[in-house]
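First comes the structure, then the notes that go with it.
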Amino acid sequence: MKRYLSKLAGGVAVCAIMTGAAGAVSAADSSVEVLHWWTSGGEASALNVLKEDLESNGVAWKDMPVAGGGGEQAMTVLRARVTAGNAPTAVQMLGFDIQDWAAEGALADLNRVAAKEGWDEVVPAALQRFAKHDGKWISAPVNVHSTNWVWANKKIFDELGIAQPASWDELVAALDKIKGAGYTAVAHGGQPWQDATIFDAVVMSVGGPEFYKKAFVDLDPDALGSDQMKEAFDRMATLRSYVDDNFSGRDWNLASAMVIEGKAGVQFMGDWAKGEFLKAGQKPEEDFLCFRFPGTQGTVTFNSDQFAMFSVGEEGQAAQVKLASSIMAPSFQSAFNVVKGSVPARTDISDEAFDACGKKGMKELSEANASGKLYGSMAHGHAAPAAVKNGIYDVVTAHFNGEFDSETAVEELVSAVEVAQ
Ligand code: GAL
């Protein structure tokens with residue numbers, strides 16, 4: 001059943017800035033400062049939906065962009081801002097990082113607006129686990145992304161007669177064909193978070209959801225040190241042989257551009273990549289294909305971008321609550337995610353406005369949730385705390401760059417995770 005969206009959050013422009021009168025609200029009351037890492041073309045277009053929505057609600061937007069996919073640099077800047085006693089109003093944040101800031105007592109209490117708007121009833125438990133701390137709502141979830149996707153150039157697939165690969169062997173055969181035809185088979189940016197994004201999918205493809213959970217959620221040393229994990233590293237080494245010579249350090253959106261421009265066959269990336277294809281005017285199933293990393297069909301590794309709200313003085317609270325309320329509005333959840341490539345963070349949003357990949361993403365997310373095959377992405381901070389994640393990044397990247405073989409990588413992984421806990 002398709003439910004239609006109720007009210008338009010930005011439908012009525014409310015001017016919150018009053019001057020002169022007693023009880024007046026100052027300009028500071030009606031602005032929010034937002035720290036985020038959405039600087040690529042697709043990301044910026046999506047963020048614009050939020051900016052415009054707020055501005056139509058009389059709330060000015062102070063932009064604080066910190067480039068760098070996955071948000072590592074943004075988190076460093078945030079730490080400096082908070083240490084200096086100057087926290088932004090809201091910060092784009094992932095999973096365990098939100099809980100860490102909440103545990104430090106730095107986040108606001110959104111329970112009033114959450115209760116008024118019934119967030120408990122519409123936000124899935126997998127997201128509430130990160131958006132609430134000690135019974136308090138502390139952040140507003142914008143979306144659900146998932147990391148086990150392949151983005152393929154349809155023209156190259158058609159030209160070479162490649163069917164959508166459904167297993168590891170079929171994937172390797174497809175990559176061989178693409179490489180053999182003179183294209184770059186895998187468009188990749190050699191940055192730790194991108195290497196780790198592929199590793200999420202590869203580990204899932206080797207061992208399935210139970211193994212993934214044992215390794216990345218339970219941090220079980222037996223799983224981390226297993227033959228299956230060695231197989232996962234072997235597969236990473238295989239994939240490494242399909243990237244071009246200039247992959248090192250490349251930003252993820254430039255890797256997407258290689259597929260968009262027909263220079264490369266596929267990119268393994270979360271569905272924020274779709275935002276780049278759309279921004280370039282491409283259409284799913286006509287210009288590009290989206291399918292699950294072969295061997296992970298039926299399972300979803302997710303992350304959810306949330307805006308963690310920092311404690312602000314009384315004068316900043318009204319605008320902060322408006323920001324939270326705009327983010328949670330059904331109309332916004334649809335409009336934003338259509339552009340971003342993700343799916344809504346609410347369960348009551350129609351898929352009507354979404355394209356073929358978006359519809360597939362929404363359906364697969366709810367099926368994976370129902371069948372217990374929905375797991376937090378390790379690479380994007382939803383499986384284990386930041387220290388563990390960073391330890392895993394180091395090993396995965398060093399191995400991907402040929403610093404050691406798969407056997408050593410497994411040993412390094414076990415000790416990196418142990419040290420980080
Ligand atoms: C992810 C984030 C996405 C996207 C991506 C690349 O961590 O969840 O929204 O921005 O980084 O920047």
Side-chain angles (χ1 to χ4, degrees), residues 34-51 63-78 90-98 126-127 130-131 139-149 151 187-201 249-257 259 267-279 290 300-308 327 332-333 336-345 357-358 361 365 375-386 389-390 392-393:
V34 183
L35 195 158
H36 63 88
W37 64 90
W38 284 334
T39 54
S40 79
E43 291 173 329
S45 297
L47 192 65
N48 228 18
V49 176
L50 182 57
K51 270 187 209 169
D63 207 33
M64 179 75 197
V66 181
E72 228 176 312
Q73 289 88 328
M75 291 304 101
T76 307
V77 170
L78 172 64
V91 180
Q92 179 193 355
M93 218 181 266
L94 298 173
F96 280 87
D97 289 341
I98 306 172
L127 304 195
F130 298 108
S139 70
V142 186
N143 63 13
V144 185
H145 270 301
S146 73
T147 56
N148 56 322
W149 284 108
W151 306 92
H188 180 60
Q191 295 174 347
W193 75 270
Q194 292 188 62
D195 301 339
T197 300
I198 301 186
F199 198 56
D200 264 2
R250 175 187 289 135
D251 287 333
W252 68 273
N253 52 316
L254 300 181
S256 305
V259 178
Q267 181 184 22
F268 307 119
M269 189 42 67
D271 39 17
W272 46 89
K274 193 185 81 178
E276 299 305 301
F277 286 83
L278 299 182
K279 180 85 186 163
C290 56
V300 171
T301 46
F302 81 96
N303 72 329
S304 165
D305 292 304
Q306 307 207 8
F307 279 103
I327 290 170
F332 168 76
Q333 290 272 335
F336 175 89
N337 287 304
V338 160
V339 181
K340 183 68 168 67
S342 37
V343 307
C357 295
L365 178 73
Y375 289 99
S377 155
M378 176 280 295
H380 294 266
H382 281 67
K389 179 188 83 172
N390 292 332
I392 299 177
Y393 274 18

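Each ligand, and each atom within it, is numbered from 1 in the order the structure gives.
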- [ ] Report the C-alpha distance between Val144 and Ser342 in whole Å, list the side-chain angles of each, state the deciding distance to 0.1 Å, and finish with yes or no for side-chain contact (heavy atoms from CB on, under 4.5 Å).
- [x] CA-CA 6 Å; Val144 185; Ser342 37; 5.9 Å; no
Task: Criterion ring pair (Phe, Tyr, Trp, His ring centres under 6.0 Å) on Trp149 and Phe277, from CA distance to verdict - done: CA-CA 14 Å; Trp149 284 108; Phe277 286 83; over 10 Å; no
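Here the side chain of Asn148 pairs no donor or acceptor atom with the backbone of Ala201 at under 3.5 angstrom. Of the possible polar contacts, none joining the Thr301 side chain to the Gly376 backbone as a donor-acceptor pair under 3.5 Å is found. Within the 3.5 Å criterion, the main-chain N or O of Trp37 finds a donor-acceptor partner in the side chain of Gln92. Checking side-chain atoms of Glu43 against main-chain N and O of Trp272 turns up no donor-acceptor pair under 3.5 Å.
With respect to atom 2 (C) of ligand 1, the closest heavy atom belonging to the protein is Asp305 OD1, 3.3 Å. Scanning the protein heavy atoms around atom 4 (C) of ligand 1, the nearest turns out to be Glu43 OE2, 3.2 Å.
The heavy atom nearest to atom 7 (O) of ligand 1, out of those in Glu72, Lys340, His380, Gln92, is found in His380.
Within ligand 1, the atoms closer than 4.0 Å to a non-hydrogen atom of His145 are 3 (C), 8 (O), 9 (O), numbered from 1 in the order shown. Atoms of ligand 1 lying under 4.0 Å from at least one heavy atom of Leu94, given by number and element, are 7 (O), 8 (O). For ligand 1, the atoms sitting less than 4.0 Å from at least one non-hydrogen atom of Gly70 are 6 (C), 7 (O), 11 (O), 12 (O), numbered in the order shown with element in parentheses.
Residue contacts with ligand 1, taken as heavy atom pairs separated by less than 4.0 Å, do not involve Asn143 at all.
Shortest non-hydrogen contact noted between Gln306 and Ala131 is OE1-CB, 3.2 Å.
For a threshold of 3.5 Å applied to N or O pairs, the pair formed by Trp193 and ligand 1 contains no separation below that value. In terms of polar-atom proximity, Gly69 is not counted as a contact of ligand 1, lacking any N or O under 3.5 Å from an N or O of the ligand.
Within the structure, ligand 1 lacks Gly71 among the residues with a heavy atom less than 4.0 angstrom away.
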